[in-house]
Amino acid sequence: MSNILETENLCKEYPLPKGMLCVFKELNFELEKGDLTAVMGVSGVGKTTLLNLFGVLDRPTQGKVFLEGEDVFAKDEKQKAEIRNKKIGFIFQFYHLLSEFTVLENVSFPLLIRGIERKEAQRRAFEVLKEVFLEGKTSLRPGQISGGEQQRVAIARALVNEPKLLLADEPTGNLDWKTGKAILELIKELHRKKELSSIIVTHNEKVAQFCNKTYIMESGNLKLLSHA
Ligand SMILES: Nc1ncnc2c1ncn2[C@@H]1O[C@H](COP(=O)(O)OP(=O)(O)OP(=O)(O)O)[C@@H](O)[C@H]1O
Ligand SMILES: [Mg+2]
């Protein structure tokens, strides 16, 4: 099977005071193994909603998501938490690091959650922090490092459990272009080195140029715009 991720008639509605808001109702999408894919589209079209479903952070109203052929939302909560922890790495626009903990602790957490002993977790976290060139900042807290560095910590945290799927929601949206470009180059290099399949949500066409496919989300559907 060459697809890591597939959806089947995916539907997401949000309840609003005046009734249901339908973001998409029959969305069908495939992500091929090894793809580095950009998803673009105007604000409010549903990019984050979709990424949150792919990341098992939310559940669809109807339809299915298959990750490596497994029907993710047919699983119970414990199994879903395990899929999130082991198979998926998530990067957010605003990093979402834990401010009370050091860089090393932030990156160790996903390993502790899966039951790895603290010393070993810290050893592995340190190795990944080296890959994002932060071995000199491991004992600092997020508030003591720059935005670009915080995003590199978030990348290390996303990758420490060796996921198959990397999901990034506007990973450079909060950074100047020079820093953002360096972050994208790092994501692209790690994507290649770790044989990931990745989706980057972005408003920015320059970001999409780092990817080998670009989809645009419009009126509840994803259309393939370009394929390198
Ligand atoms: N928790 C929620 N409850 C109700 N409506 C929501 C919720 N989250 C998102 N929406 C609505 O769903 C639609 C899609 O939102 P979403 O955040 O997915 O858009 P987006 O494409 O990521 O936008 P942006 O580019 O601004 O981040 C919007 O109309 C938004 O207002
Ligand atoms: Mg969004």
Side-chain angles (χ1 to χ4, degrees), residues 5-31 35-67 72-73 77 80-81 83-84 88-97 147-148 150-155 157-158 163 165-177 179-181 183-184 186-188 191 196-211 213-226:
L5 184 77
E6 287 181 16
T7 71
E8 189 181 292
N9 296 332
L10 200 61
C11 166
K12 181 66 186 180
E13 294 174 339
Y14 291 115
L16 293 179
K18 285 188 178 168
M20 296 304 263
L21 170 73
C22 175
V23 185
F24 37 79
K25 66 177 180 206
E26 283 188 343
L27 189 141
N28 291 295
F29 172 73
E30 296 173 353
L31 183 72
D35 269 352
L36 176 57
T37 290
V39 171
M40 300 190 66
V42 297
S43 179
V45 77
K47 305 179 299 297
T48 296
T49 299
L50 185 64
L51 213 64
N52 287 344
L53 295 177
F54 291 164
V56 206
L57 299 171
D58 193 5
R59 58 164 40 256
T61 311
Q62 277 179 46
K64 292 178 180 174
V65 173
F66 296 94
L67 183 61
V72 172
F73 293 101
E77 290 304 319
K80 283 194 290 182
I83 290 173
R84 257 193 313 269
I88 303 168
F90 222 110
I91 306 170
F92 304 90
Q93 178 174 356
F94 296 104
Y95 329 128
H96 289 199
L97 300 173
Q150 289 183 61
Q151 194 59 302
R152 283 190 274 146
V153 176
I155 293 170
R157 180 187 56 186
L165 179 66
L166 178 66
L167 303 172
D169 195 355
E170 295 278 1
T172 62
N174 200 37
L175 302 169
D176 65 83
W177 177 240
T179 308
K181 195 164 167 261
I183 291 287
L184 289 165
L186 183 61
I187 290 175
K188 193 169 177 171
H191 166 89
L196 295 165
S197 306
S198 308
I199 300 177
I200 301 181
V201 160
T202 181
H203 284 111
N204 188 338
E205 279 179 32
K206 286 196 283 184
V207 174
Q209 282 163 10
F210 280 79
C211 299
K213 278 184 189 163
T214 301
Y215 286 85
I216 182 129
M217 198 167 185
E218 264 172 10
S219 46
N221 259 305
L222 284 175
K223 286 185 205 143
L224 185 61
L225 259 195
S226 69

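As the structure is a prediction and not an experimental result, all values here were calculated from the model. Indexing begins at 1, ligand by ligand and atom by atom, following the structure's order. As a basis for the values below, the full set of heavy atoms in this structure was taken, side chains included, without hydrogen atoms, waters or symmetry mates.
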Q.
Under 4.0 Å, heavy-atom basis, I'd like to know which part of Thr48 is in contact with ligand 1: side chain, backbone, both or neither.
A.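 For Thr48, backbone and side-chain atoms both sit under 4.0 Å from ligand 1.
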Q | Thr61 (side chain) donor-acceptor with Glu13 (main chain) under 3.5 angstrom | A |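 Checking the backbone N and O of Glu13 against the side chain of Thr61, a donor-acceptor pair under 3.5 Å is found.
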**Q.** Heavy atom of the protein closest to atom 25 (O) of ligand 1 (residue, atom name, distance)
**A.**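 Ranking protein heavy atoms by distance from atom 25 (O) of ligand 1, first comes Lys47 NZ, 2.7 Å.
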Q: Would you mind running through ligand 1 and noting each atom that sits below 4.0 Å from a heavy atom of Leu21?
A: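 Counting from 1, the qualifying ligand atoms are 11 (C), 12 (O), 29 (O).
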Q: Might you point out which heavy atoms bring Gly148 and Thr179 nearest each other, and give the distance in Å?
A: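 Looking at all heavy atoms of both residues, the shortest contact is CA-CG2, 3.6 Å.
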**Q.** Distance below 2.8 Å from the Mg ion (ligand 2): protein N/O/S atoms
**A.**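 Correct list: Thr48 OG1.
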Q) Taking only heavy atoms of Gly46, which atoms of ligand 1 are found under 4.0 Å from at least one of them? A)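 Going through ligand 1 atom by atom, the ones under 4.0 Å from Gly46 are 14 (C), 16 (P), 18 (O), 19 (O), 20 (P), 21 (O).
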**Q.** Protein heavy atom at shortest distance from atom 16 (P) of ligand 1
**A.**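 Ranking protein heavy atoms by distance from atom 16 (P) of ligand 1, first comes Thr49 OG1, 3.6 Å.
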(Q) Please check: side-chain N/O of Arg157 versus main-chain N/O of Tyr95, any donor-acceptor pairing under 3.5 Å? (A)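 Here the side-chain-to-backbone pair exists.
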Q. Is the closest protein non-hydrogen atom to atom 31 (O) of ligand 1 under 4.0 Å?
A.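 When distances to the protein are checked, atom 31 (O) of ligand 1 has no heavy atom within 4.0 Å.
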Q.
Just to be sure I'm reading this right: ignoring hydrogens, which of Gly44, Ser43, Pro15 gets closest to atom 13 (C) of ligand 1? Compare them by their nearest heavy atoms.
A.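 Among Gly44, Ser43, Pro15, the closest heavy atom to atom 13 (C) of ligand 1 belongs to Gly44.
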Q: Please check if any side-chain donor atom of Ser197 sits under 3.5 Å from a side-chain acceptor atom of Asp35, or the reverse.
A: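 Judged by distance alone, the side chains do not pair up.
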Q) Under 3.5 Å, is there a donor-acceptor pair between the side chain of Glu170 and the main chain of His203? A)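 Yes.
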Q: Please could you name the atoms of ligand 1 that His203 approaches to less than 4.0 Å, counting only its heavy atoms?
A: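 Contacts of ligand 1 toward His203, numbered from 1: 25 (O).
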Q: Using atom types as modelled and distance alone, determine if a side-chain donor or acceptor of Lys47 lies under 3.5 Å from a backbone N or O of Val39.
A: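 No; zero donor-acceptor contacts below 3.5 Å.
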**Q.** atom 10 (N) of ligand 1: the protein heavy-atom neighbour that sits closest, reported with distance to 0.1 Å
**A.**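 In this structure, atom 10 (N) of ligand 1 has Tyr14 CE1, 3.3 Å as its nearest protein heavy atom.
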Q | side-chain contact (heavy atoms from CB on, under 4.5 Å) partner of Val207, the single match among Thr172, Ile183, Val201 | A |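 It is Thr172, the one option of Thr172, Ile183, Val201 that forms the side-chain contact (heavy atoms from CB on, under 4.5 Å) with Val207.
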Q. For Thr49, does its backbone N or O pair with a side-chain atom of Lys12 as donor and acceptor, under 3.5 Å?
A.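 A pair under 3.5 Å: no.
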Q.
Does the plane of the ring in Phe29 sit parallel, tilted or perpendicular to the ring in Tyr215? Use 30° and 60° as the thresholds.
A.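 Phe29 vs Tyr215 ring planes: perpendicular.
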**Q.** Donor-acceptor contact below 3.5 Å, side chain Glu26 vs main chain Asn221
**A.**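 No; judged by distance alone, with no hydrogens or angles, the pair does not exist.
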